[in-house]
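Comments concern the structure below.
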Amino acid sequence: MSITEKYRARTMSAAEAAALVPDGAKMVVGLGVSYPPALMDALAVRVRSGDLTGGTLYCMLACAAASESILAPDLHDRIRHVSLFHGGVERGNDALRAGSAQGLVETLPVQFHQIPRILTEHLRVDTLFVTVSPMDADAASAWAPTPITH
């Protein structure tokens, strides 16, 4: 099988990938440039439609795009958002909820170097959303983000 065939066999739309996430999933999303905007938009569509329920999304330093998709204020009661680092997105959502019956964004204080251990050993996260590099000649991708060029 050629690299092109391998790539096509593994490629799917953001909506198809989001459809694989089960109800009640414990999810984590990459921070900064590893945040996958199209996938988070597709996940937000599922949550808004009621097709995905009971999920928890763990974030560390959520990017601004998240506040317009999966971490939008209207999804607060449909997906549990747990912040591992309370940044601008979380503070903005907290400001919108202040003084209301809605709770503030949950925060799990943790030292940065302990985050992998917390996610895998204690929280047992089962779904990871992250931007990866393009596949190489062996159809493998690195877990480190690369710039997107058009």
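Throughout, numbering of the chain's residues begins at 1 and tracks the sequence.
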Can you confirm whether [X] sits close enough to [Y] that some side-chain heavy atom of one is under 4.5 Å from a side-chain heavy atom of the other?
| X | Y | answer |
| --- | --- | --- |
| V21 | L43 | yes |
| L108 | L123 | yes |
| E90 | L104 | no |
| V105 | H86 | yes |
| I115 | M60 | yes |
| C59 | H81 | yes |
| R80 | Y58 | yes |

Working to the nearest 0.5 angstrom, can you tell me the gap between [X] [atom1] and [Y] [atom2]?
| X | Y | atom1 | atom2 | result |
| --- | --- | --- | --- | --- |
| T120 | L128 | OG1 | CG | 11.5 Å |
| K26 | L57 | NZ | CG | 13.5 Å |
| S100 | H76 | OG | NE2 | 7.5 Å |
| E68 | D41 | CD | CG | 9.0 Å |
| D51 | R46 | CG | CZ | 4.0 Å |
| L31 | L84 | CG | CG | 10.0 Å |

With clusters defined by side-chain heavy atoms of hydrophobic residues (ILVMFWY) lying less than 4.5 Å apart, directly or transitively, does [Y] cluster with [X]?
| X | Y | result |
| --- | --- | --- |
| V45 | M40 | no |
| V29 | L119 | no |
| M27 | L75 | yes |
| L71 | V82 | no |

Exercise for the section: Please confirm whether the backbone N or O of S34 pairs with a side-chain atom of T131, one donor and one acceptor, at under 3.5 Å? Expected result: yes
Handout entry: Q114 side chain vs Q111 backbone, donor-acceptor pair below 3.5 Å
Key = no
Taking every non-hydrogen atom, the tightest pair across [X] and [Y]:
| X | Y | result |
| --- | --- | --- |
| A62 | V89 | O-CG2, 3.5 Å |
| P73 | S67 | CD-O, 3.9 Å |
| L52 | P22 | CD1-O, 3.4 Å |
| A18 | L39 | N-CD1, 3.9 Å |

Exercise for the section: Please find out if less than 6.0 Å separates the ring center of Y35 from that of F129. Expected result: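 No.
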Practice task
Using a cut-off of 6.0 Å, state whether more than 12 heavy atoms not belonging to E16 lie near its atom CD.
Solution key: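 Counting neighbours around CD of E16, more than 12 heavy atoms of other residues, nucleotides or ligands fall under 6.0 Å, so yes.
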